[in-house]
Amino acid sequence: MTNKHVVILSEKSLQTSLMEQQLGEHLDVEVTVCPVNHLTDSMDQDSLDLVLVDFEQLAFMIGNQTLPNFDLLKLDILIYNMPKEDMQCEYVYWHSLKGILLNCAPIDHLYKSVGYILNGGLWLPRKCLENLVMLRRNPNLTRCQLYKSLTTRERQILDHVASGKSNKQIANSLFLSESTVKSHVYKIFKKLDVHKRRDAMHITQAVSHNQARLE
């Protein structure tokens, strides 16, 4: 595992220093701690083998629209500090996700999981693996599962998007500012892992079809 480069996506802190120390002691890897803007603006992404991201920071980065598109950047990620009750969140279905460390995981799981992933494996809780197998067998379930992660407001806005309305038209219909609608649409696309309004429309159609089949 020589010449592997691992990045901890965070500001410097006591926790990241301890993580950096443990990885350096147990694995033959280069470890860098960097904020998100450094990852996207100045770091050579081709040299990165794995990015470690704190679960709590993901929601913050999504909220202020600073979360990198790891799939687009072709960066493998490991999410750490994930609460057990959040294993059904939309992050689990990202193509770039290679591992999850729960916040109750033993300390030595950090270097063990990183080493396992760098050797080509996946480090995921059993429940996540079971869900992914089920989704693999039925692609429509993937879309429905992602749809369930949306809030009531996000589903409402998605319905308007699927009907072909622009952000301005949606804002007028729901008595919201256009910037608020734009922010919601950004979060919706992130959660659904889509990049076009047409793709979002296809998801609502798949969800409607699946619900009708179950009724």
Side-chain angles (χ1 to χ4, degrees), residues 9-10 36 40 51 53-73 77-97 100-104 124-125 127-128 130-132 134-136 138-215:
L9 197 62
S10 174
V36 63
T40 55
V51 179
V53 190
D54 191 312
F55 177 82
E56 293 184 0
Q57 287 189 337
L58 284 174
F60 174 77
M61 288 187 287
I62 289 175
N64 61 17
Q65 301 184 16
T66 58
L67 181 70
N69 188 325
F70 296 109
D71 290 339
L72 187 63
L73 295 172
I77 66 169
L78 181 152
I79 300 174
Y80 63 95
N81 283 341
M82 177 180 284
K84 191 173 183 178
E85 58 271 19
D86 287 311
M87 283 196 296
Q88 299 293 330
C89 67
E90 69 272 16
Y91 313 143
V92 176
Y93 307 102
W94 290 353
H95 297 300
S96 53
L97 182 68
I100 290 175
L101 276 181
L102 299 178
N103 54 9
C104 58
L124 296 170
K127 188 63 178 178
C128 290
E130 290 175 353
N131 290 339
L132 290 174
M134 291 299 296
L135 294 175
R136 182 73 175 179
N138 186 350
N140 278 337
L141 286 178
T142 303
R143 292 172 170 173
C144 295
Q145 193 66 37
L146 292 175
Y147 181 83
K148 290 179 182 179
S149 71
L150 301 180
T151 65
T152 301
R153 172 63 86 180
E154 288 170 343
R155 293 182 188 184
Q156 185 182 32
I157 290 176
L158 178 59
D159 287 340
H160 284 283
V161 170
S163 69
K165 291 183 179 178
S166 65
N167 289 348
K168 185 176 182 178
Q169 290 172 324
I170 297 172
N172 291 335
S173 298
L174 300 179
F175 302 101
L176 299 171
S177 69
E178 190 173 350
S179 61
T180 297
V181 172
K182 184 177 180 180
S183 177
H184 276 301
V185 171
Y186 174 86
K187 293 176 184 178
I188 291 168
F189 280 21
K190 272 288 185 182
K191 287 184 176 182
L192 298 180
D193 191 25
V194 298
H195 307 286
K196 298 178 181 179
R197 300 171 89 88
R198 181 179 58 188
D199 295 333
M201 185 186 303
H202 290 162
I203 287 181
T204 61
Q205 292 171 347
V207 170
S208 297
H209 176 74
N210 189 65
Q211 291 174 342
R213 184 175 58 83
L214 294 175
E215 290 176 354

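The CG atom of Leu58 sits 11.0 Å away from the CG atom of Asp86 when rounded to the nearest 0.5 Å. Put simply, OG1 on Thr66 and CD on Gln57 are 9.0 Å apart, with the number rounded to the nearest 0.5 Å. Atoms CG and CG, on Leu78 and Leu124 in that order, are 8.5 Å from each other to the nearest 0.5 Å. To the nearest 0.5 Å, atoms NZ (Lys187) and CG (Leu158) are separated by 15.0 Å. The distance from atom CD1 of Ile157 to atom CG of Leu150, rounded to the nearest 0.5 Å, is 10.5 Å. In this structure, CZ on Phe189 lies 13.5 Å from NE2 on His184, to the nearest 0.5 angstrom.
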Mind running side chain to side chain contact (heavy atoms under 4.5 Å, CB included) on Met61 and Val53 for me, showing each step along the way?
CA-CA 11 Å; Met61 288 187 287; Val53 190; 3.8 Å; yes
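Take Asn69 and apply the side chain to side chain contact (heavy atoms under 4.5 Å, CB included) test, not counting sequence neighbours, and it matches Asp71, Leu72, Lys190, His195. The salt bridge (Lys or Arg N to Asp or Glu O under 4.0 Å) test applied to Lys191 returns Glu154, not counting sequence neighbours. Looking at residues two or more places apart in sequence or on another chain, you find no ring pair (Phe, Tyr, Trp, His ring centres under 6.0 Å) involving Phe70. By the side-chain hydrogen bond (donor to acceptor under 3.5 Å, both in side chains) test, Arg153 is found to be paired with Gln156, residues two or more places apart in sequence or in another chain being considered.
Residue Phe60 qualifies as open at atom CZ: its count of foreign heavy atoms under 6.0 Å is 12 or below. For Arg155, the CZ atom is densely surrounded, since the number of other residues' heavy atoms within 6.0 Å is greater than 12.
Between Ile100 and Pro125, the closest heavy-atom pair is CB-CD, 3.8 Å. Summarising the geometry of Leu73 relative to Pro68, their closest heavy-atom pair is CD1-CB, 3.9 Å, with the distance given to 0.1 Å.
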Show me the donor-acceptor pairs within less than 3.5 Å that the side chains of residues 167-177 make with the rest of the protein, sequence neighbours left out.
unit_1 : atom_1 : unit_2 : atom_2 : d
Asn167 : OD1    : Arg197 : NH1    : 3.2
Asn167 : OD1    : Arg197 : NH2    : 3.3
Gln169 : OE1    : Ser166 : N      : 2.8
Gln169 : OE1    : Ser166 : OG     : 3.4
Asn172 : ND2    : Lys168 : O      : 3.3
Ser173 : OG     : Lys165 : NZ     : 3.4
Ser173 : OG     : Gln169 : O      : 3.0
Ser177 : OG     : Ser179 : OG     : 3.1
Ser177 : OG     : Thr180 : N      : 3.1
Ser177 : OG     : Thr180 : OG1    : 2.7

